[in-house]
2 protein chains.
Amino acid sequence: MKQIRPTESELEILGVLWEKGPSTVREVHDILSQTKDAGYTTTLKLMQIMHEKGLLDRDTSSKTHVYTAAISQQKTQEQLVNKMIDTIFGGSASQLVMQALGHHQSSEEELEKIREYLAAIEKQQKNNR
Amino acid sequence: MKQIRPTESELEILGVLWEKGPSTVREVHDILSQTKDAGYTTTLKLMQIMHEKGLLDRDTSSKTHVYTAAISQQKTQEQLVNKMIDTIFGGSASQLVMQALGHHQSSEEELEKIREYLAAIEKQQKNNR
DNA sequence: ATTATTGTACGAATATCTTCGTAAACGAAT
DNA sequence: ATTCGTTTACGAAGATATTCGTACAATAAT
């Protein structure tokens with residue numbers, strides 16, 4: 001199985017692309033520069049490298065290139081969460097869950113979704129018995 | 001607020017120290033080498049650097065030094081989880097929760113803990129209304 | 001058509017992480 | 001006391017990530 005290991009900066013860029021969809025370097029950079037302090041060419045270079053690595057696809061048909069995330073948010077989340085559980089949560093997924101719920105203000109809506117999800121899991125476990 | 005950013009390798013070492021408590025380089029290395037392939041002096045050097053950075057404390061009273069994690073597991077989890085939610089989960093904690101529950105087999109016991117936790121959160125939210 | 005603006009390409013400097021060889025210090029065993 | 005195994009200290013090489021200056025190309029504005 002191929003392990004993808006985007007760096008910190010690369011994840012920030014991927015985050016923008018997942019959120020906004022296909023974007024130019026300028027668009028990505030404008031968003032990043034709200035919270036980060038780096039020059040335009042830095043973002044450009046990063047995205048070029050990510051393209052070489054296969055993390056991004058790009059359309060060069062017009063002068064201003066348009067980039068797209070080449071790896072799925074789902075898959076990336078899966079890998080990073082699993083690693084995180086193993087290394088800093090000592091293998092306990094529930095610990096991570098509680099950490100996440102405790103410190104990020106969750107909306108009633110989100111909590112409802114989670115409750116449904118829990119119910120589904122338990123039902124499944126019963127069936128496997 | 002001081003941001004702690006242990007590297008990948010540093011997190012592995014912290015993981016061992018959180019799990020086992022105060023340990024020598026040898027002890028840490030023996031555990032790491034079960035899953036990782038690096039020489040003894042590499043682990044030593046890493047732990048020395050971590051000590052310089054303030055990530056580890058150490059007791060040098062006997063020849064064989066004993067290291068301890070200087071940052072709490074709790075605090076580290078909190079920071080990394082929050083960053084993760086922001087960058088790759090688009091700010092949605094519940095998405096992370098579902099990811100965690102979906103791919104790590106959780107025991108009935110763990111699920112029960114989570115349910116209790118959810119209930120507590122909801123109760124609190126009611127009171128704040 | 002000339003100039004200004006905006007974008008990409010390239011290369012290099014800087015920073016950071018990871019790895020390990022080698023030497024010196026220490027303690028235990030002979 | 002000499003030897004042997006273990007440990008720390010140091011330094012440096014190698015790998016990877018991050019940053020940006022500069023040059024050139026394309027487009028838009030005058």
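Cluster annotation: B/Ile114 and A/Leu111 are assigned to the same hydrophobic cluster (Ile/Leu/Val/Met/Phe/Trp/Tyr, side-chain heavy-atom contacts under 4.5 Å, transitive). B/Ile49 and B/Val16 sit in two unconnected hydrophobic clusters of ILVMFWY residues. Membership requires side-chain heavy atoms under 4.5 Å apart, directly or through other members.
Across the protein-nucleic acid pair, B/Lys45 atom NZ and C/dT16 atom P stand 16 Å apart, rounded to whole Å. Here D/dT8 presents its C1' atom at 15 Å from CG of B/Leu56, a figure rounded to the nearest Å. Separating the CD1 atom of B/Ile49 from the P atom of D/dG11 is a distance of 13 Å, rounded to the nearest angstrom. Protein atom CE of A/Met50 is 17 Å distant from nucleotide atom P of D/dT16, rounded to whole Å. Remark: P of C/dA9 and CG of A/Leu46 are 14 Å apart, rounded to the nearest angstrom. When the P atom of C/dT16 is taken as reference, atom CG of B/Leu55 falls 14 Å away, rounded to whole Å. The CE-P distance, from A/Met47 to C/dC10, rounds to 17 Å in whole Å. Rounded to whole angstrom, the span from the CZ atom of B/Arg5 across to the P atom of D/dT18 amounts to 8 Å.
Between A/Val97 and B/Tyr117, the closest side-chain pair of non-hydrogen atoms is not below 4.5 Å. Residues B/Ile13 and B/Met47 meet the side-chain proximity criterion, which asks for heavy atoms closer than 4.5 Å.
Annotation: side chain to side chain contact (heavy atoms under 4.5 Å, CB included) contacts of B/Ser72 (sequence neighbours excluded): B/Gln74, B/Lys75. Annotation: salt bridge (charged side-chain N to carboxylate O under 4.0 Å, His left out) contacts of B/Arg5 (sequence neighbours excluded): none. Applying the salt bridge (charged side-chain N to carboxylate O under 4.0 Å, His left out) rule to B/Lys20 yields no partners; only residues at least two apart in sequence or on another chain are considered.
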Contact string for nucleotides 1-8 of chain C, one letter per nucleotide 5' to 3', B = base within protein heavy-atom range under 4.0 Å, S = sugar-phosphate only, - = neither, reads -----BSB
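For A/Lys36 and B/Thr60, each mapped to the nucleotide of DNA chain D holding its nearest heavy atom, the one lying further toward the 5' end belongs to B/Thr60.
No side-chain donor-acceptor contact under 3.5 Å links A/Ser92 to the backbone of A/Phe89.
The ring pair (Phe, Tyr, Trp, His ring centres under 6.0 Å) pairs that include a residue from residues 20-75 of chain A are A/His29-A/Tyr40, where partners are two or more places apart or lie in different chains.
As judged by a 4.0 angstrom heavy-atom cut-off over every strand, B/Thr42 is placed among the base-contacting residues.
Non-hydrogen atoms lying under 4.0 Å from DNA chain D are contributed by A/Ser9, all within residues 8-15 of chain A.
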